[in-house]
Structure formats: C-alpha cells, structure tokens
Amino acid sequence: MSSFRFSLPTFRSLSARLTFWVMLTVMIVTVIIAVIVSYISSSAVLMGTKENVQSRMEIANQHINSVLVGVEVAVANTIPEVENSLSNPDKMYGVVRRLLELNPNIIGSTVAFEPNYYPSKGKQFSPYAYRDIDSTVLTKQLGSNDYEYHYMDWYLIPKLLKRNYWSEPYYDKGGGEQMMTTYSRPLFDASGNIYAIITADVSLEWLTELVTESDLDFNQRVLNIKDQERDAQWAILEGDSAFFYHHAYTYIIGKGGAYITHPLRDRILNESYFILSEVTADTIDDRIGYEMIDGKTGMEAVDRDGTKFYINYAPIERTGWSMATVIPAKLIFTRSMIFGGIVVAVMLIGLAILFFICHHILIRVTKPLTLFAKSADEVAQGNLNASLPQILSHDEMKRLHDSFAMMQTSLKEQMEELKQVNETKGRIEGELNAAKDIQMSMLPKLFPAYPDRDDIDIYGQLTSAKEVGGDLFDFFIRDDKLFFCIGDVSGKGIPASLVMAMTRSLFRNIANHESRPEKIVSLINEAMSDGNDSNMFVTFFLGVLDLQTGQLHYCNAGHDWPYLVGNGITELKSDPNLPVGTFSDTVYCLEEYQMPEGTILFMYTDGLTEAQDSQKNLFGDQRIVDVLQTGGSCKEIIAKMTEAVHKFVGDAEQSDDLTMLAIQYKSTTKQ
C-alpha cells in the first residue's frame, strides 16, 4: 500500500486541468445522449399534454375576448349617439344610460369631456351611468373638485396614446364591491382633436369562476376524480397552497404582473407575480413573468422547492393580460425512468475508468512544461536574463522555447519604453491640471459677487466631465446693468476648452462697448464663424438686466430655455436661433421680459437634463422643476440641484459638463 503514490490532481497543474476538461467534455456528450434518450421516451406524453393545455387556454381566451369584443362593439355603436347629442350636453345622461340598459356586461359608463368643453357646465363635465346594488341604472355628474377625472389613468392614457385602452383590473370599493376593468376610447372631432373619452366598466367576477371551472375539469380527467369529489376539490383550491404541488392550476396576470385570477383568491389584486417569483430559487420564474407581460407565448419547465413544474403561457388579446397554466411534472410523467437510471450508472463507471487513464497519460505529456514554469518564475521576479531549459525535440515545445526567448528580449525593450511613456504621461497630466486651473480662473468664483448691492443675488457653478471642459458662464455690471451669459461648446476636452475661453473673452470685450444682446451675440458669432475649420459651435444665452427698472433684454442662440422661479415655475421661452459659430450671416432676435421683484432666473447647460444614471435614464426637465419648487436663494437652489443630480446619477460616470447660473432680481430701487 505504501508504494501506491497516486493522488487526485489539483487544478494548479496543467495535467489536472487537461484531465478536467477532457472529462467534462466526455460528461457533456454523455449527458446529451442521456437527455436525447429521455426526450424521445417522454416527448410524446409532454406534447400531448401541451396540446391539451393550449386547447383549454384557447377556449378560455375566446370566451374572454368574446365578452371584451362585445363591450368594444357596444361602445363603438354608442359613438354616433354621442356625436348627435353634442349640441345638447344634457342628453349625454340618456346616452350612457341606454348603453348600460342594452348591455348587461357593462356596469358603468361615462362620456368625459375635455376641460371647459361646455363653458356652461364648468371645467369638468362627465355624465356617468352606473348600476346600483339592485341593478337599477342611475346617473350622475362624475367630475368634481374631489374627483378631477382629467388626471385619472382611464382618461390620461388613451388621450396620450390616442387609441383605445383597457385598464388594469381593480377592485371597486364603495361602489360595485367587485373586481372590474375599464375600457376607454378617445373621441375625435372633425379636425382630429380629442374632445372626450367614452368608457365602459366591466365586472370580472365571472373570469375567476371560468378559470377555476376549467382547472377542475382538467384535474378531473388527469387524476380520474369522480364527479362527487369536485366540490371538495373546489374547497381545497380556495385555501390550501400545498394542493398546487399535486394538481394543475391556472392564473391570469395583468400588464404589471398583478394577479387578476388565482385559485388562492387572497392573491387577486393584492399580490404580484414578480414578488412571489423572487422567493423562488429558479430564475426562469422571473423570465417567464417578463415574457408574459410582453405578450409572448411559450412553455417552460421550472423547479420549486425540489418539485418540477411545466408552465404554459399565452396572451389574452386586446387587454395586454396573460394566462398561464402550471402543471406538476409528475402529472405528466407517472412512470419511473428505469432505462435512464441504467444509462447513468454505466456512464459513471465509464467516466471513472477514463479518469484514471487520462490523468496518467497527461502527466507524462506535460512534464517538459514544468521546466518552463521554473524559468517563468525567475522572469516574474524581475530576472529578465534567466536561463531557459534546453529542448531537443522539434515540436511545439521547441516553438515555445523560441517564443519565450523572444519575449525576454521584447520585455527588456518594453520596460525601457514604459519608463519614457510614464514620464511623458506625468508631464501631460501636469499640463492638463494647469490648463484646468487657468480655465476655472477665467470664470467668476467669488460669491456673493456684489456684496455691496441689495438689488441682485447671483450664484454660479461649473463641474467639468474631464480635466478641462467646454461650458462657460460669466457676468459683470456696467452702467447699472447686469450683463450675463451661459454657454455650452459642442464636444469636450481641450478643443472645447479653447473655444470656451475664446467665447468668454469675446463676451467680455464686446459687451464692454455694446449693450444690445442681439448685437453682442451677432458679433461673437461673426468672430467665431470666421475660419471655423473644426466646425465647433456654442449654444449661448446672453442677457442684459436693467437693475433700476427690472427690464430684461436677452438673446438665445440655440440654448436650453431658462426657468423663472417666482409666482410658480415657468420657462423663459424664446425664438429658435442657431448656435454661435455656425454661419457668419445668422440674424439673431432680441427679446425682452419684465422681471418681477424676487424672481430668480435659473439657467443651465444640457449636462443637467442629460445626466444619466447607471441604467442610462436621464435626469430630465421634471426633476429640475421638482427641485425649483422647493425654493430658496440662488446658492441654495444650485446646491439642491447638485445634490439631486448626484443622488440620481449614483456611481455612474459624469457624461457631460454640468453648469448652472442663478440670478435673483430683488428690487427696482438700488439700495
């Protein structure tokens, strides 16, 4: 026993890794063969079950669609009545009442008009008919100060999409006390504009009963359950989740994954498919959920707590919902796979024999590589002159020897080159840092900028995406007028920084002698367009604020509209002008605005709106408005905006220069 030196190989040696990959390849091939044999023996049973389930789902789908199509047709047939009654809005109550009286599947309907469509009816006019508890059809005005329907999903979504829309199911508390869905259809006038949304509320209580009855029929046929046992089986479906590991069941989910039907009724509209799928170890559950809400059809096998299931899913037309039937695998495969077990046993014995043979052969073949490993260790420790083993053969080992020798020579040369590259890189980084310091010194950086004045408050901030950037802002006071600007150069890096410096210098030089914003922008454009071989341009906003009167004259050259923060949040809109540096003969427009006292003018570059998080989502205009609504001084607003951007972006890399400038006009009288 002491002479037996064989030991299991470790993955530190090449022979061990080769043995592993050879054995892995053989195992994969063997498993594939076993899978094919198993598939051939069971595919017929699986295919038959799949066709049976698909047939059941198709019948249920047709039933559901027949109800929904009937509702859509009823609504479509009501539209001519609505159009004929437009001249007398009070007739709309009779229109929606007749819709319910002629269609028992509809439990509520309204014609919701656009705001102030009928001035005499006020902003909201939405005649509504609904069924009372005793099925009596009643009518009322739906819109009110407590229920502004113009902001409801059933109104907004079809209006924005300009097409028909089935809502997600919901539970109507305080009304019908039942689950329902709403069909909304926009109504267009002769000019193609939407003037109203007509709806139909449909109860979905029958849907759960339809799906449950189908499940009971399927389980009865597969398990040979007698008719008298169906009531007991129904009770099990209502309350025992363990039942689902032994029987087939069906559920329907909505567009967002919420359960619309499920044998466990407490899950309906209360739980989401994706919440429950997170607690399962099988990631296929998540993929099935995404494919279902994407409207795809398929059949997948999943594992839940050691029990295998087959899930067959298909979309329900017109609604965006999806239906799935879950069947335990043991309902399909009731006989043991004895033949498969024999194949696996033979495979394991063959693999064990092959393992011992391969391991000993590969140790002998790879022995010369051990010598190269020792030489490589010396090279790794810095000895580039380490001696190489002598190879007498003329095979791949000889080629490896020659390549290793060439590598030693090449490493010596590269080490010398690397020293020179590092020296050059350090010099360039130093120059870039100096360039950044010079660039930032050109911008205002002392705040408050005018501590001796009480009629104006200014604060600005620039954060470059690279060492140097292409954004700029500047301001100064001349003749009791505040001259200010903000700009964004196309591109980034050193070229953009040079254009930025030139633009800022032109602003200072020209604005010291010229007071008209459109003239200043025109002169800057002429100077930058002349010889602009690089085709770089600058989006530019320039304003002149009279500090005595509050009159603001401004010119916008292709820049984002600023925001006015005062009595609400509004945009300071302007005519579209080309950025400066494009065409020398461009004509720029002058615009003006009377600044109310206390109003803040907030300007920014697109590095704010286009800031991206790790999922490539944009910061956007709405988040800017949300921050501006919190108010504060110029410095506080920019600080809040910076914090909001950093929180939104997270660990994502800054993609563009970020520049903000805020100016508050405080008084028409100089203090």
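Predicted model only: the values in this text are computed from it and were never measured. In this chain, residues are counted from 1 in sequence order.
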*Among pairs that include at least one residue of residues 509-528, which meet side chain to side chain donor-acceptor pair (under 3.5 Å), considering only residues two or more places apart or in two chains?*
R478-S515, E514-R516, N525-S529, N525-Y588
_For a quick test of reading the model, state the closest non-hydrogen atom pair linking I260 to P169 and the distance between them._
CD1-CG, 3.3 Å
_For E592, side chain to side chain donor-acceptor pair (under 3.5 Å) partners two or more places apart_ = Q551
*Among all residues two or more places apart in sequence or in another chain, which pass the side chain to side chain donor-acceptor pair (under 3.5 Å) test with E653?*
none
*Output, in order, the C-alpha distance, side-chain angles, deciding distance and verdict of side-chain hydrogen bond (donor to acceptor under 3.5 Å, both in side chains) for T182 and D201.*
CA-CA 4 Å; T182 297; D201 300 331; 2.7 Å; yes
*Who are the side chain to side chain contact (heavy atoms under 4.5 Å, CB included) partners of L578, not counting sequence neighbours?*
T582, F583, T586
*Would you please name every residue forming a side chain to side chain donor-acceptor pair (under 3.5 Å) with W166, sequence neighbours left out?*
E72
_Applying ring-ring contact (aromatic ring centres under 6.0 Å, His included), can you list everything that pairs with H646, at least two apart in sequence or on another chain?_
none
*Flag yes if more than 12 heavy atoms outside E643 fall under 6.0 Å of its CD atom; otherwise flag no.*
no
_S505: which residues meet the side chain to side chain donor-acceptor pair (under 3.5 Å) condition with it, sequence neighbours left out?_
none
*Can you label the angle between the Y459 ring and the F447 ring as parallel, tilted or perpendicular, going by 30° and 60°?*
tilted
*Got a sec, which residues hit ring-ring contact (aromatic ring centres under 6.0 Å, His included) with Y128, two or more places apart in sequence or on another chain?*
Y130
*Shortest non-hydrogen contact from N577 toward C555*: ND2-SG, 4.4 Å
*asked:* Among residues at least two apart in sequence or on other chains, which ones pass side chain to side chain contact (heavy atoms under 4.5 Å, CB included) with V96?
replied: S109, V111, A129
*Excluding sequence neighbours, so at least two apart, what forms ring-ring contact (aromatic ring centres under 6.0 Å, His included) with F648?*
F619
*Measure across I293 and I253 and return the closest heavy-atom pair with its distance rounded to 0.1 Å.*
CG2-CD1, 4.1 Å
*Report the C-alpha separation of D479 and K481 in whole Å, then their side-chain angles, then the decisive distance to 0.1 Å, and conclude whether the salt bridge (charged side-chain N to carboxylate O under 4.0 Å, His left out) test is met.*
CA-CA 5 Å; D479 299 334; K481 293 181 180 180; over 6 Å; no
_Could you work out, with side chain to side chain contact (heavy atoms under 4.5 Å, CB included) as the rule, every residue matching K616, not counting sequence neighbours?_
Q612
Return a table of donor-acceptor pairs under 3.5 angstrom between the side chains of residues 120-127 and protein atoms on other chains or two or more places apart.
{"from": "K121", "atom 1": "NZ", "to": "D90", "atom 2": "OD1", "distance (Å)": "2.6"}
{"from": "Q124", "atom 1": "OE1", "to": "Y149", "atom 2": "N", "distance (Å)": "3.3"}
{"from": "Q124", "atom 1": "NE2", "to": "S144", "atom 2": "O", "distance (Å)": "2.8"}
{"from": "S126", "atom 1": "OG", "to": "T110", "atom 2": "OG1", "distance (Å)": "2.5"}

